[in-house]
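Each chain gets a letter, A, B and so on, in the order the sequences are listed, and its residues count up from 1.
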Amino acid sequence: MEQKKKKTSSAKTLQTAREAGNFGKRILASARLAAEEGKPVAWSMVDWWLGGTIAKAIGIELCYPENYGAFCAAVRKAEPFLDYAENDGVPNTTCGYARNGIGYTRRLKENNFIIPEDAPGGGMPKPLFLLGCGAVCDARYKWFQSMGRYMDVPVWTLEFPQTGVAEFFMPGYKEENIKFMVRELRSFVEFLEKLTGRKMDWDNLSERLDTTFKTHELAHKVDLLRKSVPSPAVNTDFWAIMIPHLYLPDDKEALAFYQRVYEEVKYKVDNKIGAIPNEKYRMAFAELPPWHTLGIFDEFAAKHGIAFAIESWNYHAPSPLPESEREGVNDPLELIARYSFHKFNEYTPTAQLNCMDPTIFTAPYLKWVEDYRIDGLFCHPLLSCRPATYTLMHLRNLLMEKCKVPSVVVEGDIVDLRVFNEEEAHVKIEAFIETMDHYREIRKKEGFEW
Amino acid sequence: MNELKGLARAAQIYLDPQQRARELKAEGKKIAGYLCCYPPVEIMTALGYVPIRILGDMNEPITEADAYLPTVMCAFYRSILDVAMKGRYDFLDAFIGAHACDGAERVSYIWRSYLKSPCSFYLDVPHSNHAAAIDFFKVQLNYLKDELEKTSGCNFSQEALREAVKLYNKQRSLVRSLYKLNRQDPPLVSGSEMLQVMVSIMCIPAEEGNSLLEEVIEEVSNRSAGPGQKKGRILIWGSLIDNIAMTKLIEDCGLNIVIDDTAIGTRSFWVDVDETSDPFEGLAVRYLDKIVCPRTFRDTKGTRSEDLDNRFKYLKIMAKEWNVNGVYFNIIRNCDIHGYEIPEVRDYFEDIGIPVLVIEQDYSTTALEPLRTRFQAFAENIG
Ligand code: SF4
């Protein structure tokens with residue numbers, strides 16, 4: 001399979017980023033151990049801290065098929081699972097993570113739910129239930145529903161309201177959303193209690209939430225530090241360090257880890273140490289990375305001095321929940337609802353200012369290009385993750401129209417390495433350098449600050 | 001003004017579905033365009049708007065939308081934005097987007113960013129039929145009402161909404177009566193005729209639509225020559241069809257389309273709104289819970305086979321009552337909502353001995369011809 005001698009993974013520039021991979025492995029190992037000990041395990045979608053924390057507080061171990069998809073892609077072991085899902089009739093246009101998960105599940109079933117020996121990363125054990133989610137994409141619940149086909153286990157879908165920009169500002173609208181989310185979370189707790197025969201441990205949940213907020217606050221502070229020039233960390237660092245804050249933010253080890261990430265990045269900022277030796281251009285990346293070929297960003301850095309200063313809005317921790325939203329809120333479920341809603345809507349004022357929709361995947365970049373002094377956007381339309389791709393053209397138009405920031409489009413996929421053409425990516429970036437120079441001049445003439 | 005009646009009238013409206021709305025607009029009526037089958041037409045009607053379903057165009061090459069939407073997106077929604085960018089819906093007084101699926105959601109957003117109409121609302125349709133979701137949807141419907149009211153020029157009244165519910169329930173009952181005429185063999189209405197009627201009634205005022213349906217029912221009930229006997233009696237399940245080039249191709253291959261479960265077909269008409277004391281309650285339940293589309297998640301029920309029955313039993317009933325001997329899954333490429341469901345629905349039908357043909361198509365009349373041999377082979381297979 002692997003004819004190329006070339007390195008496909010990134011070397012990463014932060015020491016802490018190099019260590020972050022352990023968290024991914026730990027998630028899988030803990031799930032397997034729990035399964036061996038007869039403890040409940042569930043498969044969860046990334047749900048922006050809505051249900052995962054609740055499930056863990058009642059004593060359920062989680063693993064994440066989405067993350068497993070990225071892992072299988074990174075070690076270039078996803079293809080057989082993709083084929084196996086497609087063989088059963090799942091269209092090859094559906095999400096790559098989903099097909100990876102469906103193919104894996106089909107194999108697991110055929111192996112009588114004993115993890116196949118050759119499963120990448122040791123594999124995921126059979127779950128007690130599947131936790132889907134309504135945020136961001138239809139795959140998040142349709143994929144999980146379709147995995148139920150191979151396992152006679154229940155699927156729970158956590159609702160997540162999708163808010164329009166004008167609607168967000170309508171009187172009472174936001175509170176109605178929160179009310180809805182809280183009721184949904186309460187139903188989820190009831191579902192868990194019934195399924196496991198356990199009672200919710202509310203103190204444990206509050207403690208986990210507290211840790212989550214602390215971990216995320218540090219993650220957010222790291223994001224703020226990355227505004228510095230030269231950039232103290234880059235996209236490939238972020239895609240490694242995000243694992244603990246996305247999947248394990250309520251874990252004390254994740255918190256301690258982020259403390260170290262913060263210190264490392266802070267040190268670099270204080271001492272003006274750039275992530276890459278000779279930063280000439282600062283780029284943003286939207287949205288999901290080519291996991292199978294992350295090494296290409298090291299090459300762009302070495303060849304052209306490109307530092308990817310910010311990326312992948314969806315994976316970032318939000319800014320801390322404003323005090324006004326926390327005040328008087330004693331119900332942890334309400335706190336969770338408010339926080340998750342905040343993640344998805346904190347850039348809505350930017351969207352309103354620019355008379356555009358949507359907030360998700362789009363408005364954050366309008367703010368970021370200025371905050372991070374971005375010269376160009378790298379758009380990565382994905383063959384199989386359409387939700388993160390739908391708004392890319394729109395985003396390109398907006399960045400050019402409102403901020404005179406150009407973009408380059410390199411097609412690819414999160415999982416399927418067959419559709420990513422490295423040579424073409426190099427040629428395009430080569431040509432894009434001039435475009436970035438040109439628009440720097442234009443921005444200068446038009447009075448932009450960067 | 002219009003001499004044509006029944007099927008001929010439907011065929012005429014179908015050729016230019018927005019023409020009647022433009023005429024009404026010239027007469028001073030307000031027109032509301034909406035996406036998919038989730039924004040309740042009753043609310044628009046109660047506020048004096050003429051609701052029209054926004055459609056794509058399989059005949060129109062997508063050119064304008066390329067600058068706004070990637071090619072990997074559902075071609076139906078790309079087409080919608082394309083024709084809108086080309087000005088086809090410039091006459092709308094209100095645009096109602098909806099979170100029916102990812103495609104509908106993102107196109108609603110992008111539409112609003114570039115095409116401004118006096119009123120615009122994005123209807124968040126929850127993902128499930130949970131009790132809290134239905135209540136939340138009811139709140140959403142009230143927001144929709146408030147927004148429409150601002151520009152409608154008339155005041156909302158519960159009475160007008162109740163009347164609109166009755167009017168559309170009558171339409172639904174007429175549509176069901178029309179489809180029932182296809183239970184016999186040969187069926188009385190061809191799939192292409194049915195589609196012309198469905199497109200028509202979604203693009204003209206409900207009263208006119210109801211008269212049209214009555215005319216069509218009378219006409220076809222008395223006709224001597226309908227579509228005639230063919231090798232197969234099929235059910236179409238999946239993404240919508242809004243162009244008769246597709247249905248004609250299927251029919252040319254020896255298949256009668258006797259029933260469907262698609263959004264420009266039974267899915268939009270099959271169930272009524274209950275006449276509840278608070279009409280918003282009946283609307284919320286009907287649109288979110290009673291419309292059965294794979295976009296709405298239903299909690300897992302009992303064992304695997306009980307769960308499948310809970311989700312798909314209506315299809316088994318349709319197949320039996322319309323006596324179908326084959327099912328065609330119409331999947332517009334990149335339609336995730338139906339895509340993820342394919343293996344389950346396929347097995348569900350095959351388990352009751354009904355063969356299935358799955359085709360992913362590109363929502364373009366120029367790409368249809370290569371599908372002919374597959375329909376022919378399917379007809380041979382089941383005939
Ligand atoms: S966001 Fe994209 S990659 Fe992630 S689950 Fe949804 S479709 Fe798949």
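- A salt bridge is defined here as a Lys NZ or Arg NE, NH1 or NH2 lying under 4.0 Å from an Asp or Glu carboxylate O, and A:K179 with B:D135 fails to meet this definition.
- Taking 4.5 Å as the heavy-atom cut-off, the residues of residues 166-173 of chain A that approach chain B are A:A166, A:E167, A:M170, A:P171, A:G172, A:Y173, ordered by number.
- Contacts of A:N354 with chain B are absent, with no heavy-atom separation under 4.5 Å from either backbone or side chain.
- Of the two parts of A:L383, the backbone and the side chain both hold a non-hydrogen atom closer than 4.5 Å to a non-hydrogen atom of chain B.
- When heavy atoms are compared at a cutoff of 4.5 Å, B:K301 does not approach chain A at all.
- Using a 4.5 Å cut-off between heavy atoms, B:L69 touches chain A through backbone and side chain atoms alike.
- Residue B:V139 touches chain A through its side chain alone, counting heavy-atom pairs closer than 4.5 Å.
- For residues 97-110 of chain A, heavy-atom neighbours of chain B at less than 4.5 Å comprise A:A98, A:I102, sorted by residue number.
- With a 4.5 Å cut-off on non-hydrogen atoms, A:P381 does not touch chain B at all.
- The contact between B:R311 and chain A is made entirely by side chain atoms (from C-beta outward), counting heavy-atom distances below 4.5 Å.
- Relative ring orientation between A:F180 and B:F136 is described as parallel, the plane-to-plane angle staying below 30° on a 0-90° scale split at 30° and 60°.
- For B:Y114, the part sitting under 4.5 Å from any heavy atom of chain A is the side chain, from C-beta outward, and nothing else.
- Of the two parts of A:T157, the backbone and the side chain both hold a non-hydrogen atom closer than 4.5 Å to a non-hydrogen atom of chain B.
- Screening A:D357, A:I360, A:T389, A:T362 for a side chain to side chain contact (heavy atoms under 4.5 Å, CB included) with B:R106, the sole residue that qualifies is A:I360.
- Using a 4.5 Å cut-off between heavy atoms, B:S120 touches chain A through its backbone atoms (N, CA, C, O) alone.
- No donor-acceptor pair closer than 3.5 Å links the side chain of B:R112 to the backbone N or O of A:G164.
- One finds no salt bridge joining A:K142 and B:D102 here, because no Lys/Arg side-chain nitrogen approaches an Asp/Glu carboxylate oxygen to under 4.0 Å.
- Minimum heavy-atom separation, A:R149 to B:D347: NH2-OD2, 2.8 Å.
- Residues B:H127 and A:F160 keep their aromatic ring centres 6.0 Å or farther apart.
- Side-chain contact, B:H130 with A:E184: a donor N or O sits under 3.5 Å from an acceptor N or O.
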